Amino acid sequence: MSAPAVARTPAPRVRRRSPYTYLAVVVGLLVAVSLLEVVTGADDLTSSGTISATLVATVPIALAALGGLWSERAGIVNIGLEGMMILGTYGAGFFGYHYGAWAGVLGAILLGMVGGLIHAVATVIFDVDHIVSGVAINIIALGATQYLASRTFVGLPGGGSTQSPTIPSLPSLTIAPVSDGLQGLEQRNVFVISEVAAVVRALTTNLSALTVIGLLLVLVTYLVLWKTTFGLRLRSCGESPVTAESLGVAVLRYKFVAVLISGAMAGLAGGFLAMVASSNYRDGQTGGRGYIGLAAMIFGNWRPGGMLAGSGLFGYTQTLGLRSGRDSVHALLLAVAVLALAVAVLQLRRRHVRAAIGFAVAGVVVGAVYFAIDEVADDFTRMTPYVITLLVLGLFSQRLRMPAADGESYRKGSAG
Amino acid sequence: MASVETPSRSDAPPAVRLRGIGKRFPGVIANDDINIDVARGTIHAIVGENGAGKSTLMKILYGVQPPDSGTIEIDGAAVTLGSPADAIKAGVGMVFQHFMLADNLTVAENVVLGAERLHGIGAAAREEITRISGSYGLGVDPDRLVEDLGVGARQRVEILKVLYRGARIVILDEPTAVLVPQEVDELFDNLRELKAEGLSVIFISHKLDEVLSVADEITVVRRGTTVTTVDPAGVTARQLAELMVGSELPSPSTESSTVTDEVLLSVRDLTLPDPAGGRPLVDGVSFDIHRGEVLGIAGVEGNGQAELVETIMGMRDGATGTVELAGTDLSGRSTGQRREAGIGYIPEDRHRHGLLLDSSLWENRVLGHQTRRPSVSHGLVDRAAARADTQRIIEAYDVRTPGPEVPARALSGGNQQKLIVGREMSGDPVLLIAAHPTRGVDVGAQAAIWDHVKNARRNGLAVLLISADLDELIGLSDRIEVILRGGLVGRFDPSEVTPEDLGSAMTGAGSDAPREEGSP
Amino acid sequence: MSGGRVRRLLLGAAAPVLALVAAILITSLVLLVAGDPVLDTWSTILSAPRERNVANIINNATVLYLSGLAVAVGFRMNLFNIGVDGQYRIAAFAAAVVAGEAWLPGYLNTVLAIVVAMAVGAAWAGIAGLLRATRGVSEVISTIMLNFISTSLVAFLLRKAAVRAPGSNSINTKEIPEGSRIPGIPFGGGVVEIYGFVVLAVLSGLAYWFVLNRTRFGFDLRATGQSTTAAVASGINVRRMIVIAMLISGAAAGLVGLPILFGDAYSYGSTFQSGLGFSGIAIALLGRNHPVGIGLGALLFAYLNEQSNPLQILVGVSPEIVAITQGVIVLTVVVSYEVVRRYRRRLEQQAVAAATDRPERPAPTEEVAT
Amino acid sequence: ACGSSGGSDSSGSGSGDGLKVGMAYDVGGRGDQSFNDSAAAGLDKAKKDLGIETQESEAVDGEAESAREERLRTFADAGYNPVIAVGFAYSASVAKVAKEYPDIDFAIIDDEEAKGDNIANLVFAEEQGSFLVGAAAALKTKSNEVGFVGGVETPLIQKFEAGYVAGAKAVKPDITVDTTYLSQPPDFSGFGDPAKGKTAAQGMYDKGADVVYHAAGGSGGGVFEAAKSANKLAIGVDSDQYKTVDASLRSVILTSMLKNVDVAVYNYLKSASEGDIPTGVRRYDLKVGGVDYSTSGGQVDDIKSKLDDYKQQIIDGKITVPTKP
Ligand SMILES: Nc1ncnc2c1ncn2[C@@H]1O[C@H](COP(=O)(O)OP(=O)(O)OP(=O)(O)O)[C@@H](O)[C@H]1O
Ligand SMILES: Nc1ncnc2c1ncn2[C@@H]1O[C@H](COP(=O)(O)OP(=O)(O)OP(=O)(O)O)[C@@H](O)[C@H]1O
Ligand SMILES: [Mg+2]
Ligand SMILES: [Mg+2]
């Protein structure tokens with residue numbers, strides 16, 4: 001018996017990229033940024049300080065995004081990440097202060113999971129619309145932490161209704177010989193070599209244990225979700241829960257667990273903010289990073305690698321803005337101008353004349369702005385991460401693909 | 001009741017014995033005192049009209065839904081099936097009426113899902129898949145994404161899933177609805193092979209000829225109850241149909257031709273490029289339809305018929321070529337303007353394209369007619385008029401519903417379809433585009449829909465009919481065009497062509513058509 | 001028949017009441033665990049508001065109502081406009097500048113400012129609409145980004161446009177001239193007047209209801225929200241609808257800050273109320289996108305905010321406790337509506353089944369072949 | 001001016017007994033390590049020394065103007081007199097509510113705009129204190145580069161910046177002063193985001209600054225941490241932060257710019273309890289000790305004489321410190 005001769009041959013899509021592709025992208029970026037630095041003289045673009053600050057800015061966003069990833073891969077939209085993060089900051093403050101640094105980490109995870117639990121109960125068990133539940137969690141979490149903080153931190157040394165006392169710090173790693181040894185190399189401004197030195201220095205100077213854990217969690221998430229049975233089942237719940245159910249997967253249980261893990265990740269993201277990015281719980285500390293995490297996840301096409309890239313881009317541009325923003329962001333203008341012109345050429349070759357003209361005009365305008373001003377005002381440097389995110393999404397968004405059943409309500413027994 | 005002797009091994013306990021199965025849904029008795037024996041190593045067909053309770057019964061046997069009453073025995077042992085996992089453990093496998101596949105996962109991932117314990121999820125599993133695929137000739141590549149597969153291949157993946165789990169009892173719920181005759185033959189060969197290996201197959205279909213050709217026994221279900229079990233050798237399709245519904249089996253026979261000389265729809269060089277950059281989805285299609293003519297389009301799913309329809313409807317960007325309706329050039333017009341120009345559209349997927357499931361019937365009456373009376377006037381929705389006209393459709397088209405206020409979701413598929421047909425016929429269209437107008441609809445509703453199409457044609461309507469049901473195509477059309485890889489490749493006279501001829505043309509047999517996948 | 005209707009009415013009322021009770025219980029539990037006085041807290045919150053508090057509640061509800069409407073327009077089309085916050089701030093700023101400049105006399109100036117606010121809000125939201133329609137960018141992300149961007153942009157522009165009173169540490173736009181302010185409605189002779197803008201809010205609600213439920217445009221919008229695919233097949237230009245819906249949502253958002261601007265603050269400054277857009281999301285969800293429901297939701301939120309304000313002074317409980325109540329209500333309302341919905345659906349199903357089971361099929365016949 | 005309210009029901013003359021004081025904090029409230037805390041300290045001291053009764057309430061982030069008004073009214077209705085509003089956000093509400101309650105006295109901190117017969121405006125010459133710490137920074141820097149991290153770019157915080165820059169330039173005219181703000185109003189997150197404070201300060205240290213002054217409220221903790229990990233110096237604000245930060249961070253605190261809100265509050269209450277309620281603008285500058293620099297930790301001991309010299313010049317009016325950058 002042979003397969004029927006049916007005339008339908010879409011070529012299988014190439015989806016797997018080799019690790020070398022990623023390496024090439026990273027190296028390419030490094031070269032591009034080095035070039036930009038040479039051309040514009042904005043030498044904070046790749047300093048080790050910028051890179052380590054980028055790491056610190058990236059990890060909480062990435063963790064929040066991971067939280068989103070876990071949940072949405074199982075089909076539950078989680079707009080409550082911000083709230084879960086807020087709970088995490090409080091958990092870190094409370095448990096960290098009373099029981100020590102690692103207890104703070106656990107406390108952050110635990111409180112994040114409480115948020116996850118509410119979301120799971122609401123969406124998985126009561127079939128509440130995911131957005132409604134997420135919004136409610138954001139409100140509840142904010143109110144609850146503010147209320148609890150005023151009950152638990154007032155009167156403690158350095159504590160108050162809006163902040164916790166200082167949390168003991170987590171261990172961090174400095175490999176002094178490498179860090180100091182490379183300092184000279186970094187400062188000598190050798191094209192690309194210095195940049196590599198800066199990266200290595202950033203990774204060997206004052207690297208918090210939680211940063212390492214955060215980055216590892218990205219890897220672990222990838223391995224668990226894509227290389228294990230558990231992950232396959234979990235993802236199947238996000239792609240087609242009825243299929244999963246028809247094959248004996250306990251869909252609700254997987255969704256429930258996924259949302260709990262999501263809460264844990266978001267909580268840890270909050271914990272990171274309180275313990276590594278700073279050293280106490282502060283009201284309003286998350287500053288919308290939960291939403292940014294959500295954006296980073298979508299940006300990254302619901303995949304760990306992409307999501308890390310999105311978080312990194314965000315962390316990087318935010319860091320640039322906060323450090324020597326006026327110069328660095330100014331330099332970025334040039335990059336944007338060149339990029340827009342490049343896209344214009346690309347579009348022209350694809351015969352998309354109107355798009356090409358649009359990009360060309362944009363490129364020229366941004367380029368003109370670059371040459372017209374010497375530095376960018378603070379207000380605008382603060383916008384950079386958001387504008388860049390919009391730009392990038394505007395350019396690349398159409399290829400995104402979310403889990404097929406993401407956000408849909410699902411009830412047991414609906415297979416068939 | 002019951003009738004046939006179990007063929008040979010009557011001494012062995014039956015593979016499946018269902019006794020007194022009952023299942024109620026709110027307000028509906030889906031199953032009531034169902035009794036069926038399926039002998040080992042046989043193909044057992046179950047037939048019945050829409051909503052007779054066939055799928056429900058199979059879901060019960062597969063553990064998706066618990067029965068309210070009754071017992072299930074498998075190989076002589078009583079079992080309780082609380083979940084599909086239980087059923088799989090008991091050796092039951094099911095291919096659902098609507099495929100149960102995750103599009104964005106690979107074939108291998110779909111197959112191993114839930115059965116990871118057997119061979120893991122890695123290389124060993126892939127090897128096993130390749131082995132099974134080879135030994136049953138399924139020709140399935142484990143590394144492809146399911147979304148890239150056509151219907152036939154998806155079906156084989158479904159069967160592979162069942163086999164991978166070592167099922168001894170295989171349930172197939174309406175597996176042939178979307179297949180062309182050749183694919184059906186392939187499937188039946190597969191089933192016979194399974195049977196030869198000692199597996200039992202439960203097979204549900206509305207196509208009675210098929211049932212008669214492949215089944216060893218046939219059980220008829222009517223209104224939730226088993227009516228009888230018959231031997232296919234002793235019944236005709238007509239008798240079966242009478243058992244099912246108590247009425248005659250309708251056939252889509254064309255009456256005398258009503259074709260005129262007046263060209264109503266003229267399509268020239270219609271081309272729709274693939275946004276992903278592949279070959280065009282619709283490739284230089286040209287044809288005319290005259291007043292009073294039904295043009296049938298035959299083709300294997302995924303060869304561009306859906307895109308052709310959507311391009312004519314103006315739902316696709318980037319199309320080139322011209323579409324002229326009654327002398328008016330519609331190219332460049334929006335879907336709304338095309339509808340206003342007099343195109344009625346019965347979409348292929350009524351849930352996705354035809355209805356607002358959570359809106360009332362009268363709101364669904366407005367849909368697609370937002371610019372026209374009686375439902376809308378002066379930019380305002382005329383609720384009273386819309387309701388009244390909906391009531392008219394309900395009566396004229398025998399839509400079974402308590403009234404125009406209920407949400408469309410509450411109607412069964414057949415009744416939803418009748419509502420859509422009624423809606424699209426209102427507003428006096430000059431052209432009706434009907435994509436699979438009777439898919440999944442039972443014989444009664446099917447006959448009614450056919451009658452409506454024939455009447456309209458008599459009154460001068462031009463019809464573009466797309467259908468996977470070749471009997472329907474042959475019966476209704478005045479002319480049949482075959483579509484293959486986006487282009488029209490052959491023209492047939494329905495009075496002379498057989499389904500087999502059509503099937504060959506549709507698959508490009510004899511031509512240099514590439515095979516879907518590397519076959520063994 | 002009438003029995004069924006009464007039952008339906010009761011069911012409709014039961015859901016919110018149930019939700020409210022559950023929310024109060026949960027909040028009390030939190031108070032109890034934290035060791036705060038439960039009874040005192042509730043007796044403060046549930047005490048009859050004074051006249052000036054009533055006026056405040058109505059005023060704040062007016063603002064929240066507009067915000068809820070803005071969000072709801074998007075929701076009806078399945079668009080999640082998180083950006084109402086940014087939209088209303090940038091719009092209120094623009095309106096304040098225009099009104100402060102007083103290019104036109106008296107109420108013409110007011111009308112101009114309102115139009116400008118709506119236009120600016122619409123334009124800001126329109127960016128997200130365009131990105132979604134042409135580039136497929138999720139409006140969830142783009143509106144979040146636009147919120148942040150509008151913050152910086154307004155800050156920048158405010159410092160360009162600001163006039164600073166000597167000794168003041170806040171920066172504000174020019175004050176709106178007396179003649180262009182919207183007079184308040186005196187209420188109970190109290191110190192607080194009700195914003196005259198409340199009339200416009202009510203009109204907005206009416207317009208929302210009428211456009212969505214009675215016009216072809218509203219039909220198209222709701223149809224697109226329910227099923228994009230069906231909308232496309234019915235001839236609706238979905239992309240255009242996306243842009244238009246975002247524009248309308250943004251225009252409505254543009255109104256959000258105006259009651260405050262024209263009724264109270266008379267200028268836009270660094271202490272202008274923020275975060276209203278986020279409350280709007282909760283309120284739209286709470287009101288199930290229904291103009292009356294949103295109104296009730298807005299009143300409830302405003303009531304809780306107002307009544308919790310003196311908690312700290314009177315009973316020593318942090319007023320943030322009501323945020324828990326508010327969040328929980330959003331959840332419990334949905335849950336109880338869902339329960340009721342399922343119950344109703346079951347009723348419907350029964351009705352359909354009864355109609356379908358007309359005994360027109362023949363009685364089972366005996367088998368024909370053996 | 002005190003006469004208008006002198007006869008009001010609760011403030012007996014000459015004795016603090018029976019004085020019920022209501023204090024309305026800005027967002028953050030007691031324990032914010034910033035000026036709310038400082039106000040609280042003044043209140044606590046008054047409570048202890050003067051035997052008054054106190055009640056507090058704090059603002060909620062993003063609240064309506066009416067909520068602030070209502071807070072003040074609740075105090076007034078409950079018989080609190082005087083009522084102290086902490087922060088310029090209360091400007092409009094104090095102006096409005098004070099008119100409604102002519103018999104009750106109000107004080108507002110950091111605002112001169114709200115005027116009335118029963119309103120006392122307690123304001124500070126932040127630029128003068130900042131000038132001194134700017135001078136200290138310039139005297140201590142080895143790299144000739146110092147930094148300033150502002151929390152939110154409001155006119156108030158810009159006063160800190162202006163004074164700091166002027167002080168640094170007075171010492172070393174060619175000095176480089178890096179300045180940045182963490183957020184712009186109406187986004188007040190810059191006062192509560194230590195992570196941002198840390199990143200911004202780190203950027204300055206990496207660029208070469210070796211002293212960074214923060215006027216960023218709760219974000220300041222991040223600045224100290226950045227100083228710690230860069231092994232450089234930082235300057236605190238509002239209160240003597242050497243005393244309040246975690247012990248491990250003390251070594252980085254060169255000095256703090258003292259804005260003695262506590263003194264202002266205490267003085268105000270003391271006068272009130274003596275039956276002499278002040279009204280109108282009361283400016284706390286260097287001369288009256290309303291602002292100053294701190295010496296705990298001993299890191300400025302070697303330059304103290306120079307700083308005190310500048311201080312005297314300001315007091316004498318020989319140096320006029322700008323209030324705008
Ligand atoms: N989940 C459900 N909830 C409520 N009623 C249901 C449900 N599933 C099925 N039913 C009812 O049970 C009846 C039997 O449905 P079932 O799907 O078994 O029919 P069927 O024989 O498979 O029809 P078809 O030939 O159209 O597939 C339906 O008419 C429907 O009224
Ligand atoms: N999950 C469900 N919940 C409630 N009711 C359901 C559900 N699934 C099906 N139904 C009801 O069952 C009835 C028929 O469902 P179904 O789609 O199986 O009809 P059908 O007669 O089999 O039509 P089709 O021809 O499309 O197969 C409808 O009344 C529908 O509302
Ligand atoms: Mg069915
Ligand atoms: Mg079925």
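A quick note: this is a predicted structure, and the numbers were derived from the prediction, not measured. Below, chain A is the first sequence line, B the second, and so on; all start at residue 1.
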K.L.:
Taking the six-membered ring for Trp, are A:Phe94 and A:Tyr281 closer than 6.0 Å centroid to centroid?
P.N.:
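No, the ring centres sit 6.0 Å or more apart.
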
K.L.:
Do A:Tyr90 and A:Phe153 have ring centres separated by under 6.0 Å?
P.N.:
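Yes - the distance between ring centres of A:Tyr90 and A:Phe153 falls below the 6.0 Å cut-off.
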
K.L.:
Based on non-hydrogen pairs under 4.5 Å, which of A:Val128, A:Asp129, A:Thr145 is most in contact with chain C?
P.N.:
A:Val128

K.L.:
Checking heavy atoms, do the side chain of C:Ile144, its backbone, both or neither come under 4.5 Å from chain A?
P.N.:
side chain

K.L.:
Hey, does the side chain of C:Thr151 reach the backbone of C:Asn147 with a donor-acceptor pair shorter than 3.5 angstrom?
P.N.:
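Checked: pair present.
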
K.L.:
Test your reading of the model: is there a side-chain donor-acceptor pair from A:Gln347 to the backbone of A:Ala356, 3.5 Å cut-off?
P.N.:
no

K.L.:
Among residues 381-390 of chain A, which residues come closer than 4.5 Å to chain C, judged by heavy atom distances?
P.N.:
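Hits under 4.5 Å: A:Arg382, A:Met383, A:Tyr386, A:Val387, A:Thr389, A:Leu390.
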
K.L.:
Check each atom of C:Leu131 against the heavy atoms of chain A and say whether the ones under 4.5 Å are side chain, backbone, both or neither.
P.N.:
side chain

K.L.:
Which bit of C:Leu285 comes within less than 4.5 Å of chain A, counting heavy atoms only: side chain, backbone, both or neither?
P.N.:
side chain

K.L.:
Where on A:Ser133 is there a heavy atom nearer than 4.5 Å to chain C: the side chain, the backbone, both, or neither?
P.N.:
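For A:Ser133, the contact with chain C is made by backbone and side chain together.
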
K.L.:
With a 4.5 angstrom heavy-atom cut-off, could you sort out which part of C:Val322 is near chain A: side chain, backbone, both or neither?
P.N.:
neither

K.L.:
Going through the checks in order, is the side-chain hydrogen bond (donor to acceptor under 3.5 Å, both in side chains) test met by C:Thr143 and C:Asn81?
P.N.:
CA-CA 6 Å; C:Thr143 52; C:Asn81 183 3; 4.6 Å; no

K.L.:
Given a strict heavy-atom distance threshold of 4.5 Å, which part of C:Val333 is in contact with chain A: side chain, backbone, both, or neither?
P.N.:
neither

K.L.:
Please identify, among A:Phe299, A:Tyr147, A:Phe126, the residue contributing the most non-hydrogen atom pairs under 4.5 Å to chain C.
P.N.:
A:Tyr147

K.L.:
Under 4.5 Å from any heavy atom of chain C, what part of A:Ile137 do you find: side chain, backbone, both or neither?
P.N.:
neither

K.L.:
Quick check for you: to the nearest 0.5 Å, what is the distance between A:Tyr291 atom OH and A:Leu81 atom CG?
P.N.:
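With rounding to 0.5 Å, OH (A:Tyr291) is 9.5 Å from CG (A:Leu81).
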
K.L.:
Highest number of heavy-atom pairs under 4.5 Å with chain C: which of A:Leu148, A:Ile292, A:Ile139?
P.N.:
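Top count of heavy-atom pairs under 4.5 Å with chain C: A:Ile139.
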
K.L.:
Measure distances from A:Ala144 to the heavy atoms of chain C and classify the residue's part below 4.5 Å as side chain, backbone, both or neither.
P.N.:
both

K.L.:
Would you say the side chain of C:Ser28 lies within less than 4.5 Å of the side chain of C:Trp42, judging by non-hydrogen atoms?
P.N.:
yes

K.L.:
Applying a criterion of heavy atom separation less than 4.5 Å, what residues of residues 311-318 of chain A form contacts with chain C?
P.N.:
A:Phe314

K.L.:
Chain A heavy atoms under 4.5 Å from C:Ile26: which part of the residue, side chain, backbone, both or neither?
P.N.:
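It is neither, since no heavy atom gets under 4.5 Å.
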
K.L.:
Under a 3.5 Å distance rule, please check whether C:Gln87 uses its side chain to pair with a backbone N or O of C:Trp124 as donor and acceptor.
P.N.:
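Pair absent, no side-chain N/O of C:Gln87 close to backbone of C:Trp124.
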
K.L.:
With respect to chain A, which residue among C:Ile149, C:Val334, C:Val140, C:Leu146 yields the maximal number of heavy-atom pairs within a distance under 4.5 Å?
P.N.:
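Result: the option with the highest number of such pairs is C:Ile149.
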
K.L.:
When only pairs under 4.5 Å are counted, which of C:Ile324, C:Thr325, C:Val317 shares the most heavy-atom pairs with chain A?
P.N.:
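Looking at each of C:Ile324, C:Thr325, C:Val317 in turn, C:Ile324 comes out on top.
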
K.L.:
So, does A:Glu82 use its side chain to make a donor-acceptor pair with the main chain of A:Gly288 at under 3.5 Å?
P.N.:
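Yes; at least one donor-acceptor contact below 3.5 Å.
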
K.L.:
Taking salt bridge (charged side-chain N to carboxylate O under 4.0 Å, His left out) as the test, write out the residues that go with A:Arg303, two or more places apart.
P.N.:
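Testing A:Arg303 for salt bridge (charged side-chain N to carboxylate O under 4.0 Å, His left out), a comparison that skips the adjacent residues, returns none.
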
K.L.:
If we define contacts as heavy-atom pairs under 4.5 Å, which of C:Ser279, C:Ala34, C:Ala282 has the most with chain A?
P.N.:
C:Ala34

K.L.:
Is A:Val135 close to chain C through its backbone or its side chain, or both, or neither, when contacts mean heavy atoms under 4.5 Å?
P.N.:
side chain

K.L.:
Which one wins on heavy-atom pair count under 4.5 Å against chain A: C:Asp36, C:Leu153, C:Val330?
P.N.:
C:Asp36

K.L.:
Mark yes or no for whether A:Arg73, through its side chain, and A:Trp302, through its backbone, hold a donor-acceptor pair below 3.5 Å.
P.N.:
yes

K.L.:
Using modelled atom types and a 3.5 Å cut-off, is there a donor and acceptor pairing between side-chain atoms of C:Asp85 and backbone atoms of C:Leu276?
P.N.:
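Yes.
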
K.L.:
Sequence neighbours excluded, which residues qualify as salt bridge (charged side-chain N to carboxylate O under 4.0 Å, His left out) partners of A:Arg289?
P.N.:
D:Asp193

K.L.:
Are the side chain of A:Asn138 and the backbone of A:Ile79 linked by a donor-acceptor contact shorter than 3.5 Å?
P.N.:
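Pair found, side chain donor or acceptor close to backbone of A:Ile79.
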
K.L.:
Is a donor on one side and an acceptor on the other found under 3.5 Å between the side chain of A:Ser150 and the backbone of A:Ser161?
P.N.:
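No, because the side chain of A:Ser150 does not come within donor-acceptor range (under 3.5 Å) of the backbone of A:Ser161.
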
K.L.:
When you measure from the side chain of C:Gln307 to the backbone N and O of C:Ile45, does any donor-acceptor pair fall under 3.5 Å?
P.N.:
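Present.
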
K.L.:
C:Ile294 pairs by side chain to side chain contact (heavy atoms under 4.5 Å, CB included) with which of C:Leu286, C:Leu64, C:Ile283?
P.N.:
C:Ile283

K.L.:
Has A:Asp283 got a side-chain atom pairing as donor or acceptor with A:Thr162's backbone, closer than 3.5 angstrom?
P.N.:
no

